[in-house]
Amino acid sequence: MRIVLLGPPGAGKGTQAKELVTKHGIVQLSTGDMLRAAVAAGTPVGLKAKDIMARGDLVPDEIVVAIVSDRIGQPDAKRGFILDGFPRTVPQAAALDRMLAKKGLSLDAVVELKVDPDILVRRIANRVEQMKLRGESLRPDDNPEVLKQRLAAYAAQTAPLVEYYRGQGSLRSIDGMASIEDVASAIGRALADAAFRRGSTRKAGRGARNSSSGRKRVGRKAVGSKKPVKKVVKRAKAAARRKPSSKASRTKVGRTKSAPRRSVRNRQKSNKAVRSPRLTK
Ligand code: ADP
């Protein structure tokens, strides 16, 4: 199972990711954690990311994409993963699609945790208080000023991903304001529904999943591939060219008045070509 958790800072992505790890035995890949580890270790990536993160801005796409690409190729991610904090921009989402397609994989679901922005500020303040009480060291970006910048970065750069994934049909929106248990149950239901829909598409025959690529197939067209559509258009054009036309059978505006009889085979072919694009939607 491969899931993306989407939501602003403080939406509860980390908490829910941990629940999913226990439930499904898959790994949590948090780019925030990976970058913090790089900063702590003083690696070249960490040195580049340190100040950007402390300001609440986003680390450049190419750095984060390289880290994720490397991470999802590791053996423990084979069974599946939950991406928490990635993708955060549309180019990152497009890079993830390419990364997965190269491996013949796709996402099972993108879960959006919807939350009230005013309450987020209170949630983070509570988190900071609890960490202080436990004597844990605070993240340099866990303060009200930087939080505002993190929320602004989310609104400007990450929120457009909701439409990106809605367009792909993989988005599941959950009310993130409910209790941790209720949010976890809602995510469970959303994932079961996503799995059911994939299963029923598979059973429908035409929508069988291509086992080698892992891509969903609808009719003759693999989702995400434009090739078969071209093929269909090409066939339609060829069928139109085959259609005999004479001056006598044309009206003034050049449209066929009474088309000469076509052979049954030709008729079937061109009908199919015209119908196919609708089947591929
Ligand atoms: P939050 O608690 O705000 O959701 P994270 O722990 O996920 O934050 O990330 C902390 C910081 O790490 C971000 O504010 C950003 O600077 C950087 N970061 C994490 N993931 C990404 C990403 N996918 N792209 C760019 N920057 C990222």
Side-chain angles (χ1 to χ4, degrees), residues 3-18 28-69 71 82-96 110-166 171 173-178 180 183:
I3 310 164
V4 165
L5 282 182
L6 210 57
K13 299 187 298 289
T15 308
Q16 295 300 331
K18 283 182 183 72
Q28 174 193 2
L29 308 182
S30 155
T31 40
D33 287 349
M34 290 182 219
L35 289 166
R36 277 185 287 276
V39 171
T43 65
V45 163
L47 293 177
K48 275 190 205 151
K50 190 175 180 205
D51 294 340
I52 302 174
M53 291 173 73
R55 286 200 300 271
D57 288 331
L58 295 190
V59 173
D61 288 341
E62 62 273 18
I63 294 185
V64 192
V65 167
I67 297 180
V68 173
S69 170
R71 186 64 187 86
I82 303 149
L83 284 168
D84 156 19
F86 181 93
R88 248 178 165 97
T89 63
V90 172
Q92 288 183 16
L96 176 63
V110 175
V111 177
E112 178 203 11
L113 296 180
K114 287 172 86 83
V115 280
D116 178 341
D118 294 335
I119 300 195
L120 288 181
V121 181
R122 261 184 271 155
R123 273 196 185 177
I124 304 244
N126 275 346
R127 183 164 90 189
V128 169
E129 277 315 304
Q130 282 170 9
M131 284 173 80
K132 276 186 190 161
L133 285 176
R134 289 197 297 264
E136 289 169 12
S137 55
L138 291 179
R139 277 167 48 171
D141 58 351
D142 258 349
N143 68 65
E145 274 318 300
V146 180
L147 174 64
K148 270 189 207 145
Q149 181 48 34
R150 281 157 61 198
L151 288 170
Y154 182 83
Q157 289 161 281
T158 312
L161 288 181
V162 169
E163 285 313 314
Y164 180 90
Y165 285 119
R166 202 194 307 279
L171 187 77
S173 296
I174 303 283
D175 173 16
M177 302 310 298
I180 292 177
V183 174

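When a residue number appears, it is its place in the shown sequence, counting from 1. Small disclaimer: the values here were computed from a predicted structure and weren't measured. FYI, side chains are in, hydrogens and waters are out, and symmetry mates aren't considered; it's all heavy atoms of this structure.
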Working note: Asp33 + Arg36, criterion side chain to side chain contact (heavy atoms under 4.5 Å, CB included); need CA distance, chi angles, decisive distance, verdict.
CA-CA 5 Å; Asp33 287 349; Arg36 277 185 287 276; 3.0 Å; yes
Can you name the closest pair of heavy atoms from Tyr164 and Ala93 and give their distance?
CE2-CB, 3.6 Å
To the nearest 0.5 Å, what is the distance between CE on Met34 and CG on Asp84?
9.0 Å
Which distance, rounded to the nearest 0.5 Å, do you find between the CD1 of Ile52 and the NZ of Lys50?
12.5 Å
Can you confirm whether Pro87 sits close enough to Leu161 that some side-chain heavy atom of one is under 4.5 Å from a side-chain heavy atom of the other?
yes
If you define the side chain from C-beta out and look only at heavy atoms, does anything of Arg88 sit under 4.5 Å from Val64?
no
Chi angles and distances behind the side chain to side chain contact (heavy atoms under 4.5 Å, CB included) call for Met177, Val115
CA-CA 6 Å; Met177 302 310 298; Val115 280; 3.4 Å; yes
For Ile119, does the CD1 atom sit with more than 12 other heavy atoms under 6.0 Å from it, leaving out its own atoms?
yes
Are a donor atom and an acceptor atom from the side chains of Glu112 and Ser173 found within less than 3.5 Å of each other?
yes
CZ/Arg150 to OG1/Thr158 distance, rounded to the nearest 0.5 angstrom?
12.0 Å
The test is side chain to side chain contact (heavy atoms under 4.5 Å, CB included); show your working for Val111 and Gln16 and say whether it passes.
CA-CA 10 Å; Val111 177; Gln16 295 300 331; over 6 Å; no
Which atoms form the tightest heavy-atom contact between Ile82 and Ala17, and what is the distance?
CD1-O, 3.5 Å
Straight-line distance of Asp141 CG to Arg55 CZ, nearest 0.5 Å
12.0 Å
Point-to-point distance, once rounded to the nearest 0.5 Å, from CD of Gln149 to CG of Leu58:
8.5 Å
Quick check: closest heavy atoms across Val90 and Pro160, and the distance to 0.1 Å?
CG2-CB, 4.1 Å
Which atom pair, heavy atoms only, marks the closest approach of Phe86 to Val4?
O-CG1, 3.9 Å
Let me see the working for Arg123 and Asp116 under salt bridge (charged side-chain N to carboxylate O under 4.0 Å, His left out), right down to the final yes or no.
CA-CA 10 Å; Arg123 273 196 185 177; Asp116 178 341; over 6 Å; no
Nearest 0.5 Å, please: how far is CD in Gln157 from CD in Gln92?
9.0 Å
Quickly, which of Val59, Val45, Leu29 forms a side-chain contact (heavy atoms from CB on, under 4.5 Å) with Ile67? Name it, please.
Val45
So which atom in Pro8 and which in Leu113 form the shortest heavy-atom distance, rounded to 0.1 Å?
CD-O, 3.9 Å
Can you name the closest pair of heavy atoms from Ala178 and Val183 and give their distance?
O-CG2, 3.6 Å
